[in-house]
Structures are given as structure tokens and as C-alpha cells.
Q: 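Pasting a structure below so you can have a look.
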Number of protein chains: 2
Amino acid sequence: MNIGEAAEATGVTAKMIRHYEQIGLVRAAGRTGAGYRVYGPKDLSTLSFIRRARDLGFSIAQIRDLLALWQDRARASGDVKRIASQHVAEMKEKMRLLQEMVHTLEHLSAHCHGDDRPDCPILEQLATGMAEEKCC
Amino acid sequence: MNIGEAAEATGVTAKMIRHYEQIGLVRAAGRTGAGYRVYGPKDLSTLSFIRRARDLGFSIAQIRDLLALWQDRARASGDVKRIASQHVAEMKEKMRLLQEMVHTLEHLSAHCHGDDRPDCPILEQLATGMAEEKCC
DNA sequence: GTGCACCTTCCTATCATGTCAAGGTCAAGG
DNA sequence: CCTTGACCTTGACATGATAGGAAGGTGCAC
């Protein structure tokens, strides 16, 4: 199986497959005489695994650990769960920060006419840093 | 005022001030005879504006537009509000995606013993892609 | 006149991914 | 046999916002 077919089968672009090989996330694929990479079912499983992990937002470093655990039959599920929990915590923290920003901005927007006049509490807050606490 | 003092006063690192100057986000600062950058109150206001906008998650491109509007006395507050609304929408979309991932992962984690045994629904889902829909 | 803290420019790295370019390979059809 | 087009190869460069460091100049206090 060529890299293009592997890409289509797993949803990982050929570009990223080569990249993952280069950074050592997946082992180097076999080669034909002409130098084309060759992929077997095991490689496809690994690539699909990676794609699903990426879809869940795991970083490459975390996926590296997850792959190692996946291939370790003596793994402790606690190790997997810990990685997942940490990732969940990170995502929740990101959401919290986003929520804060959304909250502030929506608050400011609510008081902005949004018409042709130049007065704008959004710009005022950015300019003075005072609108946030003192307003309301 | 030196770049270091300006950095401390505005909360933008000297590194980033130089960067913003290089990409044309702020006009080039004046220089002393020795080539040191010099900052005045107006520059400090601009840098503080940028920092607050960054704190609210605006991209450099958006900040560029906001700065232009800020310095335009004939601006329409609607233009400002539109930028803010778009940014809010982007952040909400990010939050939605994060929430989806968190939801899936928490669901999987809930069924993972998290002990010394190797069985792990998290790894199973990553390996087969089947746990998500069929479980529960 | 020395030492230290600051400044300058330039290079490199992050993270995951995309794009582009120049060239090699393969299979099908004229 | 030769061309065409689709695929593959490597390599370089870009993104966005920020950090780090190296190598060298400057300013000021002692």
C-alpha cells in the first residue's frame, strides 16, 4: 500500500505521515525498490489511532505516550487515564479562559451602539483598561 | 523612555515590542544617538492597547484593525462591534469543539478503571473508533 | 576604567500543518 | 517506444505569537 492510499484509508495526510515518521512517532515504513513507502495493516491501525487521538485534541507528545501504552500489553489503565485526565484538565482550563474573554467582550459589546457614531465602550476599555471593573 | 521601561510599563515584553515594530503593528520608535529606541506617552498608550486586546484574545490582524479604528475619530462603532462579535463567535466555536472533546474523553474515562489492569476503553476507542457511538 | 545592566541585530525554536518546487516512478494509451 | 498524467520522493519555506540565545555596543555607578 502506497502512502497516498494509506492517507486516504486513515484520514492522515501523506504529508503528516511523512512528518510523523520523521519525528519518530511512527516507525519508518518499508520501501519498494524505487523508494516508495509501503504500508501494511498494522501501520494503518497506528495511523488511525493517531488520527483519532488528534481528533480528541491530544498533543503529539501525549500521543507518543498513548501509543507506547497501547503497544504495551502490561500497561496499567491508570496510566492511560492519567494522560486523558490531564488533557481534559488542560482543555477545561482553555475553555475557562475563553469563557472569561467571551464574557468580558459580550459585556462590552452589549453597551456598544454598533452604529455610525464613534463612541465605543470596547475601544474605551482597550484604551484605558478601566471599563471592565467599574462598569455596572 | 527605553524599551525596557516601556515593556515594564505596558506589560508587553521588549521582545514583542520589537516584533510589533517589525511587522508594522506599531510605528517605528524614535532612536537615541546610540540607536536605542525611545518611547513617549503615546507609544505607551498604543502598547497598552495592544496588550489589553491580546488579553482578550484578539489576533494581531484584528488588533491592527482595532488600532486603525481607535485612531480614526470618524470611526463607526459598528465596525468595532463587528470585529468583536466575530472574535466572540470564533471563541465560542473553539469552546464548542473543546467541549465536544472533553465530553467524549470524560465519557471514556468514566468507564476506565484507572488501576493496574491493562483493559482501557480509552485506548479501545482510539484503536477501533467504535466505542464512541456504540457505548450506552 | 571596570563591571554590570541594558540595548542592538540576527538566528533559532516552538506546534501541527500546508504549500510549493524539482525531480523520480509507474501504468496506460497512441 | 514515447508521452501523459498521477503518483511518489526530498527539501525548503510559511503560518502565529512568543521565547531564548549569541555576539557585540552603550550607559552609568563605583
Side-chain angles (χ1 to χ4, degrees), chain A residues 1-26 28-39 43 46-67 86-87 90-91 93-94 97-98 101, chain B residues 1-26 28-39 43 46-47 49-67 83 86-87 90-91 93-94 97-98 101:
Chain A
M1 204 176 208
N2 275 343
I3 196 171
E5 297 167 296
E8 194 169 3
T10 61
V12 183
T13 64
K15 192 76 193 171
M16 292 315 298
I17 295 176
R18 294 193 195 97
H19 179 61
Y20 291 155
E21 179 179 315
Q22 208 195 345
I23 64 175
L25 187 65
V26 301
R31 300 282 182 137
T32 67
Y36 283 23
R37 287 175 179 81
V38 179
Y39 294 90
D43 302 310
T46 305
L47 290 171
S48 294
F49 183 100
I50 292 171
R51 189 186 56 72
R52 290 193 198 96
R54 291 288 307 135
D55 286 349
L56 285 175
F58 285 104
S59 71
I60 296 295
Q62 286 169 325
I63 294 174
R64 206 182 289 268
D65 295 343
L66 288 172
L67 276 173
Q86 193 197 331
H87 178 43
E90 288 164 0
M91 288 194 289
E93 174 64 9
K94 274 186 198 168
L97 295 175
L98 282 171
M101 296 190 285
Chain B
M1 205 175 206
N2 275 343
I3 197 172
E5 296 167 297
E8 193 169 4
T10 61
V12 182
T13 63
K15 206 80 184 169
M16 292 314 298
I17 296 177
R18 294 193 194 97
H19 179 63
Y20 292 155
E21 178 179 316
Q22 209 196 343
I23 65 174
L25 187 64
V26 300
R31 300 281 183 140
T32 68
Y36 283 23
R37 287 176 179 82
V38 180
Y39 295 90
D43 303 310
T46 304
L47 290 171
F49 184 101
I50 292 172
R51 189 188 56 71
R52 291 194 197 96
R54 292 288 309 135
D55 286 349
L56 285 175
F58 285 104
S59 71
I60 297 295
Q62 287 170 323
I63 294 174
R64 206 181 289 269
D65 295 342
L66 289 172
L67 275 174
I83 294 174
Q86 193 197 331
H87 178 43
E90 287 164 1
M91 287 195 289
E93 174 64 9
K94 275 189 198 167
L97 294 175
L98 282 170
M101 296 190 284

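Per chain, numbering begins at 1; letters A, B, ... match sequence-line order.
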Q: Quickly work out the A/I3 CD1 to D/dC8 C1' distance and round it to whole Å.
A: 8 Å
Q: Below 4.0 angstrom from OP1 or OP2 of D/dT10, is there any side-chain N or O of A/R37?
A: yes
Q: Any donor-acceptor pair under 3.5 Å linking the side chain of A/H87 with the backbone of A/Q62?
A: no
Q: With respect to the side chain of A/N2, which nucleotide from D/dC8, D/dT10, C/dT8 is positioned closest?
A: D/dC8
Q: In whole angstrom, what separates A/R51's CZ from C/dT17's P?
A: 12 Å
Q: Does C/dG30 have a Watson-Crick or wobble mate here (both distances under 3.5 Å), and if so which one?
A: D/dC1
Q: State the OG1-OH distance between A/T10 and A/Y39, to the nearest 0.5 angstrom.
A: 9.0 Å
Q: Where the side chain of A/Y36 is defined as all heavy atoms beyond and including C-beta, which of C/dC7, C/dA16, D/dC7 is the nearest nucleotide?
A: D/dC7
Q: Count the heavy atoms of every other residue, nucleotide or ligand shown that sit under 6.0 Å from CD of A/E8, and state whether that count exceeds 12.
A: no
Q: Mind checking if B/R54 touches a base, just sugar-phosphate, or nothing, with heavy atoms under 4.0 Å?
A: sugar-phosphate
Q: Whole-Å distance between D/dA17 C1' and A/L97 CG?
A: 16 Å
Q: Taking OH from A/Y39 and P from D/dC7, how many angstroms apart are they, rounded to a whole number?
A: 16 Å
Q: Rounded off to whole Å, could you give me the CZ-to-P distance for the A/R18 and C/dG18 pair?
A: 13 Å
Q: To the nearest Å, how far apart are A/H19 NE2 and C/dT19 C1'?
A: 15 Å
Q: Could you check how far CG of B/L25 sits from C1' of D/dA17, rounded to whole Å?
A: 12 Å
Q: Select from B/T32 and B/I60 the residue whose nearest nucleotide in DNA chain D is closer to the 5' end of that strand.
A: B/I60
Q: Is A/R31 close enough to D/dT10 that one of its side-chain N or O atoms is under 4.0 Å from OP1 or OP2 there?
A: yes
Q: Using a 4.0 Å heavy-atom cut-off across all strands, classify A/F58 as base, sugar-phosphate, or nothing.
A: nothing
Q: For A/E5 and C/dA27, give me the distance from atom CD to atom P, rounded to whole Å.
A: 12 Å
Q: If you assign each of A/Y20 and A/G33 to its closest nucleotide in DNA chain C, which residue comes earlier from the 5' end?
A: A/Y20
Q: Identify the residue among B/I63, B/I60, B/T46 that makes a side chain to side chain contact (heavy atoms under 4.5 Å, CB included) with B/Y20.
A: B/I60
Q: Strictly distance-based, threshold 3.5 Å: is any side-chain N or O of A/R37 a donor or acceptor partner for the main-chain N or O of A/I3?
A: no
Q: Think A/T13 has a side-chain N or O under 4.0 angstrom from the OP1 or OP2 of C/dT17?
A: no
Q: Relative to the 5' end of DNA chain D, which residue comes earlier, B/A34 or A/K15, by the nucleotide with the nearest heavy atom?
A: A/K15
